**Student:** 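I have a structure I would like to understand better, so I am pasting it below and will then ask my questions one at a time.
What you see is a predicted model; the values in this text were computed from it and never measured.
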Amino acid sequence: MTAPGGFSPNDVLTAADMNALPGGIIGFDTNSTDVSLTTSPTEVAAITVDVYAGRSYGVFFTCRNMSAAQSNTVIDFDVNITGSATLTNFRKFLVSTTARESIMLAYVSRPGSDDLGREYTVDVSTSTGTGTLFGSAYDMQMWVVDLGENP
């Protein structure tokens with residue numbers, strides 16, 4: 001198949017070409033509760049999906065409304081695969097107790113082998129102080145997206 005943008009008349013889309021295409025959203029979770037944060041991790045979203053070697057998967061999480069009980073609070077967002085080490089850690093530094101902050105996280109996962117029933121989670125804690133994620137104001141959302149065959 002010709003690379004995207006270079007198609008010509010009568011090009012044929014083969015099964016191999018189709019299998020390389022992105023599969024779109026394969027998992028979705030939402031959390032509409034307020035979550036109080038301390039230094040102990042709290043799971044705020046989880047998705048279980050089937051993943052396959054040779055493909056890329058995007059893990060996305062958004063929280064549009066959070067605040068800190070103390071100034072200079074650091075909130076840690078960990079994207080995990082259940083039963084494995086943390087894949088990645090994102091930190092959000094909240095300077096003020098009066099500001100409402102938001103965050104959008106993205107992580108690309110490329111499994112080395114097929115895993116039927118892989119669970120991705122987002123766990124949140126604070127490094128210092130306490131805080132709140134306000135899911136009741138705006139849902140926290142998580143997606144797992146099949147991005148297609150590895151480049």
Side-chain angles (χ1 to χ4, degrees), residues 3-5 13 16-151:
L13 191 61
D17 295 331
M18 288 295 294
N19 288 335
L21 295 174
I25 297 173
I26 59 173
F28 178 79
D29 188 23
T30 185
N31 185 340
S32 60
T33 61
D34 293 345
V35 178
S36 296
L37 303 175
T38 65
T39 55
S40 298
T42 301
E43 182 180 289
V44 296
I47 298 174
T48 301
V49 293
D50 296 339
V51 297
Y52 301 93
R55 299 191 68 77
S56 296
Y57 298 89
V59 181
F60 303 93
F61 174 79
T62 184
C63 177
R64 295 175 48 202
N65 198 350
M66 69 183 103
S67 70
Q70 299 87 18
S71 296
N72 302 323
T73 296
V74 176
I75 298 180
D76 294 315
F77 293 84
D78 294 329
V79 177
N80 301 306
I81 296 175
T82 299
S84 300
T86 298
L87 294 174
T88 191
N89 173 268
F90 298 89
R91 299 193 118 174
K92 179 74 175 182
F93 185 70
L94 302 180
V95 177
S96 165
T97 59
T98 57
R100 295 292 174 109
E101 302 278 343
S102 63
I103 193 167
M104 173 71 181
L105 311 176
Y107 178 79
V108 175
S109 175
R110 292 189 173 127
S113 61
D114 294 353
D115 187 354
L116 306 182
R118 175 172 283 189
E119 183 179 33
Y120 292 99
T121 64
V122 174
D123 298 328
V124 184
S125 63
T126 60
S127 292
T128 58
T130 59
T132 304
L133 305 181
F134 295 100
S136 62
Y138 300 100
D139 288 353
M140 291 175 269
Q141 298 180 355
M142 180 181 181
W143 309 268
V144 176
V145 179
D146 180 334
L147 301 174
E149 191 173 76
N150 288 340

**Student:** Over all heavy atoms of both residues, which pair between Arg110 and Ser56 is shortest? Give the atoms and the distance, please.
**Tutor:** NE-OG, 2.9 Å
**Student:** Among Leu116, Asp115, Val144, find the one that has a side-chain contact (heavy atoms from CB on, under 4.5 Å) with Val51.
**Tutor:** Asp115
**Student:** Between Asn31 and Ala45 (side chain of the first, backbone of the second, donor and acceptor by atom type, cut-off under 3.5 Å), is there such a pair?
**Tutor:** no
**Student:** Just verifying a value: how many Å separate Ser32 OG and Phe134 CZ, rounded to the nearest 0.5 Å?
**Tutor:** 14.5 Å
**Student:** Measure across Pro111 and Arg118 and return the closest heavy-atom pair with its distance rounded to 0.1 Å.
**Tutor:** CB-NH1, 3.5 Å
**Student:** Side chains of Asp146 and Tyr57: does their closest heavy-atom pair fall under 4.5 Å?
**Tutor:** yes
**Student:** Show the nearest heavy-atom pair for residues Asp123 and Pro41, with the distance to one decimal.
**Tutor:** CB-CB, 4.3 Å
**Student:** Of the non-hydrogen atoms in Glu149 and Arg55, which two are nearest, and what is the gap between them?
**Tutor:** N-NH1, 3.7 Å
**Student:** Can you name the closest pair of heavy atoms from Asp76 and Ser127 and give their distance?
**Tutor:** OD2-OG, 2.6 Å
**Student:** Do other residues, nucleotides or ligands put more than 12 heavy atoms under 6.0 Å from Tyr138 OH?
**Tutor:** no
**Student:** Any idea which heavy atoms bring Ser125 and Thr39 closest together, and the distance?
**Tutor:** CB-O, 3.9 Å
**Student:** Going from CE on Met142 to CZ on Phe28, what distance comes out if it is rounded to the nearest 0.5 angstrom?
**Tutor:** 11.0 Å
**Student:** Between OG1 of Thr73 and CD of Glu101, what distance do you get to the nearest 0.5 Å?
**Tutor:** 11.0 Å
